[in-house]
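Here's the structure we're looking at; comments come further down.
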There are 2 protein chains.
Amino acid sequence: MGENDRRKVSNPLGLAVLGLLAESPAHPHAIAAALRERGMDRVFKLTTGSLYDVVRALERAGWIEAGETVRVGARPERTVYRHTALGRKEFVRWVDELIRVPAEEYPKFLSAVSYLGILGPEGAVAALRERAGRVRAAREETLGLHREMLESGEVPRLFLVEVEYSARMQEAELGWIEEIVGDIEAGRLSWPDQVAGTGRTVAGDQ
Amino acid sequence: MGENDRRKVSNPLGLAVLGLLAESPAHPHAIAAALRERGMDRVFKLTTGSLYDVVRALERAGWIEAGETVRVGARPERTVYRHTALGRKEFVRWVDELIRVPAEEYPKFLSAVSYLGILGPEGAVAALRERAGRVRAAREETLGLHREMLESGEVPRLFLVEVEYSARMQEAELGWIEEIVGDIEAGRLSWPDQVAGTGRTVAGDQ
DNA sequence: ATCCAAATACTCGGATCCGAGTGATTGGAG
DNA sequence: CTCCAATCACTCGGATCCGAGTATTTGGAT
C-alpha cells in the first residue's frame with residue numbers, strides 16, 4: 001500500500017503479533033486476548049479477521065511458525081505459533097524503520113479541516129468546540145491510565161512512552177483548535193464569500 | 001471500516017471528489033489532475049484505482065451523477081460527473097462529522113514507539129534522531145509552501161488551515177522526540193534488562 | 001439437574017484498495 | 001513528414017481487510 005511497501009507483511013498488527021510471540025508461543029485467539037488485556041488495541045487496529053490473515057502472512061514470510069495443534073476438550077483445535085530467529089530479527093528491523101522514516105499518513109481530521117470553510121464561521125466554531133471537548137475527554141482518560149499504570153509500579157515508564165506520545169499529540173491538537181477558534185471569533189481568519197454552503201450562499205456583492 | 005462506518009462512502013478521497021465537483025463538473029482523470037495540482041494529494045491518498053472506485057461509489061449513493069460521456073478526438077470517452085443536491089448536503093454533513101467526532105486512528109509511528117525498548121538505549125536514540133531530521137525537513141517544506149501560498153496573495157488563509165495544522169503536529173512530534181531523546185541520554189528513562197534485542201541481551205546479573 | 005450467558009476458536013465471503021497494465025493520441029524534435 | 005515521449009483515460013485482478021456468522025464448551029445462577 002504505502003510506497004515503502006515491498007515489505008512482506010504490511011499490517012502493523014503483525015508487529016504486535018511478533019511482539020507477543022517473542023515472549024512466548026500462543027495461538028491466535030490467545031494473542032488477541034493478551035493484546036486486548038494490555039490495551040494494545042488502542043495502538044493497533046485489532047479485528048479477528050485481520051488477525052488470522054496476518055498470522056498466515058507472517059507464517060508465509062517465515063517470521064513465525066506453527067507448532068503443534070492442540071485440542072483441549074472437543075473445542076476447535078488451536079494452532080500454536082512461535083516466532084523464528086528470522087522473525088525476531090525482522091521485528092527489530094521493522095520497528096527501527098518505522099521510527100527512522102516517517103510514513104505518510106492521511107488522518108481523517110486533516111481532510112476535514114481542508115474543507116473547514118464550508119461550515120461557515122459559526123458552524124466551524126461549533127464543530128471544533130465539540131471536537132475539543134471529546135479530545136479533552138480522551139486525553140483525560142489517556143493520562144489517567146498512564147498515571148495509574150505508573151503508580152502501580154508494575155509497568156516501567158519505558159513501556160508507556162507511546163501513551164506519553166499520544167497525550168502529547170492530543171494536547172497539540174487541542175492547542176491548535178483553541179487557537180483557530182480564537183482566530184475565527186476575533187475575525188482574524190476572514191471568510192471569503194462564495195464559500196460556506198448549506199445552500200444559502202453568503203450573498204456577496206455584484 | 002471504522003465503527004462509525006455505516007456511511008455510504010467511507011474513503012476520504014470521496015470528500016475530495018465531492019469538493020471538486022462542487023466547483024464544476026469533471027471527469028475522473030481531470031479530478032485527479034486538479035487535486036494533484038492543488039497539492040491535495042498530501043491530504044488524501046490518491047491512486048487511480050481508488051479514484052474510479054470512489055467515483056462509482058459516490059454515484060451509487062446518489063451524491064454525484066454522470067452527465068454526458070464526451071469524446072474528444074477518438075480517445076476513450078470521458079464520463080463527466082457533476083454533484084447532486086444530495087451530494088452537496090452530504091458533503092457538509094461529512095465534513096461536520098469528521099470534525100466533531102475524532103476517529104480512532106492508528107499511526108504507524110505509534111505502533112513502533114510501543115516497542116521502542118527493543119532497540120536498546122543507543123539504538124532508540126539513533127533511530128529517533130534520524131526521524132527528527134526527516135520530520136524537520138518535511139516541516140520546513142510544509143512551512144515554505146505555506147508562506148509562499150500566503151504571500152502570493154492568491155490563496156486566502158482559510159484554505160491553508162490544514163497546512164498550519166500539519167505543521168503544528170509535526171512540531172509537537174519533534175518536541176516529544178527531543179524530550180524523550182534527552183531523557184534517554186540523561187538516564188532519566190531506565191531500560192529494564194530482558195528488553196533490547198538483536199540477540200545480545202544486555203547481560204544483567206544472576 | 002438444567003439452562004443461559006459468556007468465553008473459546010475460528011471461517012467465510014463481500015467490500016475495498018490499489019498498482020500495474022492497456023491502448024490511443026497529441027506535440028514537438030529532427 | 002516521421003517517430004517517440006508524454007499525456008490521456010481508464011480497466012483489471014490480486015491482495016487485503018474485516019465484520020458477521022458458526023459451533024462448541026465452560027461456569028454459574030436457579
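Order of the sequence lines sets the chain letters (A, B, ...), proteins ahead of strands, with each chain counted from 1.
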Open item on the list: Using a 3.5 Å limit for the pairing distances, which stems of at least 3 consecutive Watson-Crick or G-U wobble pairs does DNA chain D take part in?
Closed with: C:1-30 with D:1-30

TODO: Select from Val54(A) and Tyr52(B) the residue whose nearest nucleotide in DNA chain D is closer to the 5' end of that strand.
DONE: Tyr52(B)

- [ ] Mind checking the CG-CZ spacing from Leu20(B) to Arg38(B)? Nearest 0.5 Å is all I need.
- [x] 5.0 Å

- [ ] Look at Thr48(A) and dC10(C) and indicate whether a side-chain polar atom (N or O) is within less than 4.0 Å of OP1 or OP2.
- [x] no

Task: Nearest-angstrom distance from the residue atom CG of Leu46(A) to P of dC17(D) - done: 13 Å

TODO: Go through the structure and list residues passing side chain to side chain donor-acceptor pair (under 3.5 Å) with Arg147(B), not counting sequence neighbours.
DONE: none

Open item on the list: Test of understanding: with side chain to side chain contact (heavy atoms under 4.5 Å, CB included), list the residues that count as partners of Ala172(A), not counting sequence neighbours.
Closed with: Met169(B), Ala172(B)

Task: Residue pairs, two or more places apart or on separate chains, that pass ring pair (Phe, Tyr, Trp, His ring centres under 6.0 Å) and touch residues 8-66 of chain B - done: none

Open item on the list: Test of understanding: with side chain to side chain donor-acceptor pair (under 3.5 Å), list the residues that count as partners of Glu140(A), not counting sequence neighbours.
Closed with: none

Task: d(CG, Asn11(B); C1', dC18(D)) in whole Å - done: 16 Å

Open item on the list: Test of understanding: with side chain to side chain contact (heavy atoms under 4.5 Å, CB included), list the residues that count as partners of Asp53(B), not counting sequence neighbours.
Closed with: Arg56(B)

- [ ] For Ala57(B) and for Gly49(B), find the nucleotide of DNA chain C with the closest heavy atom, then tell me which residue's nucleotide is more 5'.
- [x] Ala57(B)

Task: Distance-only donor-acceptor test, Asp53(B) side-chain atoms vs dC18(C) base atoms, 3.5 Å - done: yes

Open item on the list: Tell me which pairs pass ring pair (Phe, Tyr, Trp, His ring centres under 6.0 Å) where either residue lies in residues 108-128 of chain B, with sequence neighbours left out.
Closed with: Phe91(A)-Tyr115(B), Tyr165(A)-Phe109(B)

Sequence neighbours left out, cut at 3.5 Å: what donor-acceptor pairs do the side chains of residues 149-156 of chain B make with other protein atoms?
from	atom 1	to	atom 2	distance (Å)
Ser152(B)	OG	Met149(B)	O	2.8
Ser152(B)	OG	Glu154(B)	N	3.1

Task: Interface residues of residues 24-42 of chain A with DNA chain C (non-hydrogen, below 4.0 angstrom) - done: His27(A), Pro28(A), His29(A)

TODO: Write down the distance between CG (Leu51(B)) and P (dC17(C)), rounded to a whole number of angstrom.
DONE: 12 Å

- [ ] Report the distance from atom CZ of Arg56(B) to atom P of dC18(C), rounded to the nearest whole Å.
- [x] 15 Å

Task: Out of dC17(C), dG19(C), dC10(D), whichever nucleotide has its closest atom nearest the side chain of Thr47(B) - done: dG19(C)

TODO: Using whole Å, report how far CG of Leu13(A) lies from P of dA15(D).
DONE: 20 Å

Task: Residue pair Ser111(A) / Ser114(A), side-chain donor-acceptor N/O under 3.5 Å - done: no

Task: Gap between atoms CZ and P, on Arg60(B) and dA15(C) respectively (whole Å) - done: 8 Å

Open item on the list: Distance check needed: dT16(C) C1' versus Lys45(A) NZ, whole Å only.
Closed with: 13 Å

